[in-house]
Amino acid sequence: MRIATWNVNSIRQRLEPLLAWLKECSPDIVCLQEIKCVDEAFPRLEIEALGYNVVTHGQKTFNGVALLSKLPFDETKSGLAGDDEDAHARFLEGVVTLKRGVVRIACLYLPNGNPADSDKYPYKLKWMSRASGVCASAAQSGRATGAGWRLQCHSSSQDVYNPAAWVNDALFRTATRESFQSLLGLGLTDALRAVSDTPGQYTFWITRPAPGRRTGPAHRSFAAVAAGQRPARGCRDRQLCRAWEKPSDHVPVWADLDLETA
DNA sequence: ATGACTACTCCCAGTAGA
């Protein structure tokens, strides 16, 4: 089973590249982040025409996540448990039946958390803690679990082009990395790193220049994290997507898991 | 260097992203 994840940065801006990529990569399940639209505005018909079942958890203007699956969803659930006040559309999960057993797929768009001295950072850490709770209970259910994450975390300096520029960034702070490690400790595998520890496998490109940050490939904020104790068989990002006429600032990442879909 | 880009929105100057 191939599970993919992609921060599209507006589904309406990225529909044509998405359709072309779905045809070529043919993932069984896709987690999309930053669809930036309400559910009614999501171009589901075009995607369904390629054989995907579509479920969305959108909101106006910002955030928003979607799950695409060649297999029908047995159940889906929107929103991350643990805070009724949280209105951000950042979490969506679904369960599909495989040849043997079922798999639970979660699509996560973590809060960025910057500026790190604002209230956005505690929101990020709390969100990660809530995600840990959800992952822990899912792990206890005994179902295989896969997840496509927009990580918003750097696990090591290998993940960034210029480590010195990220020291105090919300993505790289000690508390962020510790929280991410505790998530991995639940039995998840960072699929991109499981296949290769080569530095420089960036998945995000800076397009907005800022002091101390040149434009260009910047960091790996992002992975098809997957597992249920199963290591990823194959996984790679796809820098070629940056060559498209209207690229996202992120490229897709995917993992091939040892799960038979039919 | 008070910036630079891209996408959104009560349609266009303000906000957010990372």
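Computed from a prediction, not measured in an experiment: that's the story for all the values here. Proteins get letters first, then strands, A, B, ... in listed order; numbering begins at 1 in each. Atoms considered below: every heavy atom in the structure, side chains included; atoms not considered: hydrogens, waters and symmetry mates.
For the C1' atoms, the distance linking B:dC8 with B:dA18 amounts to 16 Å, nearest Å. Between B:dG14 and B:dA1, the two P atoms lie 26 Å apart (nearest whole Å). On the C1' atoms, B:dT6 is 16 Å away from B:dC12, given to the nearest whole Å. When the P atom is compared between B:dC10 and B:dA16, the two are found 14 Å apart, to the nearest whole Å. Taking the C1' atoms as reference points, B:dA7 lies 23 Å from B:dT2, given to the whole Å.
For the pair A:I35 CD1 and B:dC8 C1', the computed distance is 14 Å after rounding to whole Å. Rounded to a whole Å, the CG atom of A:N7 is 14 Å from the C1' atom of B:dA16. Atom CG of A:N9 is separated from atom C1' of B:dG17 by 8 Å (rounded to the nearest Å). In this structure, A:H250 places its NE2 atom 6 Å from P of B:dA18, rounding to the nearest Å. One interatomic measurement links the two molecules: CD of A:Q33 to P of B:dG17, which rounds to 15 Å at whole-angstrom precision. We find that CD1 of A:I206 is positioned 12 Å from C1' of B:dG17, with the value rounded to whole Å. When the P atom of B:dA16 is taken as reference, atom CG of A:D249 falls 18 Å away, rounded to whole Å. Separating the NE2 atom of A:H88 from the P atom of B:dA16 is a distance of 10 Å, rounded to the nearest angstrom.
Among residues at least two apart or in separate chains, salt bridge (charged side-chain N to carboxylate O under 4.0 Å, His left out) pairs with a member in residues 1-16 of chain A are A:R2-A:D256. Legend: ring-ring contact (aromatic ring centres under 6.0 Å, His included) pairs involving residues 67-101 of chain A, not counting sequence neighbours, sorted by first then second residue: A:H88-A:Y123. The salt bridge (charged side-chain N to carboxylate O under 4.0 Å, His left out) analysis of residues 44-57 of chain A, with sequence neighbours excluded, yields the pairs A:R44-A:E48. Residue pairs that meet the ring-ring contact (aromatic ring centres under 6.0 Å, His included) test with at least one member in residues 25-47 of chain A, sequence neighbours left out, do not exist here.
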Got a list of side-chain donor-acceptor pairs under 3.5 Å for residues 58-67 of chain A, not counting sequence neighbours?
{"residue": "A:Q59", "atom": "OE1", "partner": "A:N63", "partner atom": "ND2", "Å": "3.3"}
{"residue": "A:Q59", "atom": "OE1", "partner": "A:A89", "partner atom": "N", "Å": "2.6"}
{"residue": "A:N63", "atom": "OD1", "partner": "A:R90", "partner atom": "NH2", "Å": "3.4"}

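Across all strands shown, A:K124 has no heavy atoms under 4.0 Å from either base or sugar-phosphate atoms.
Residues A:S118 and A:N114 share a closest heavy-atom pair of OG-C, 4.3 Å.
Regarding contacts with the backbone of B:dA18, a side-chain N or O of A:Y109 is found under 4.0 angstrom from either OP1 or OP2.
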Below 3.5 Å is the cut-off: list the nitrogen or oxygen pairs between protein and nucleotides 9-13 of chain B, distance only.
{"residue": "B:dC10", "atom": "OP2", "partner": "A:K60", "partner atom": "NZ", "Å": "3.2"}

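In this structure, A:T76 contributes its side chain and A:L92 its backbone to no donor-acceptor pair below 3.5 Å.
Among the nucleotides B:dA16, B:dA18, B:dA7, the one closest to the side chain of A:F204 is B:dA18.
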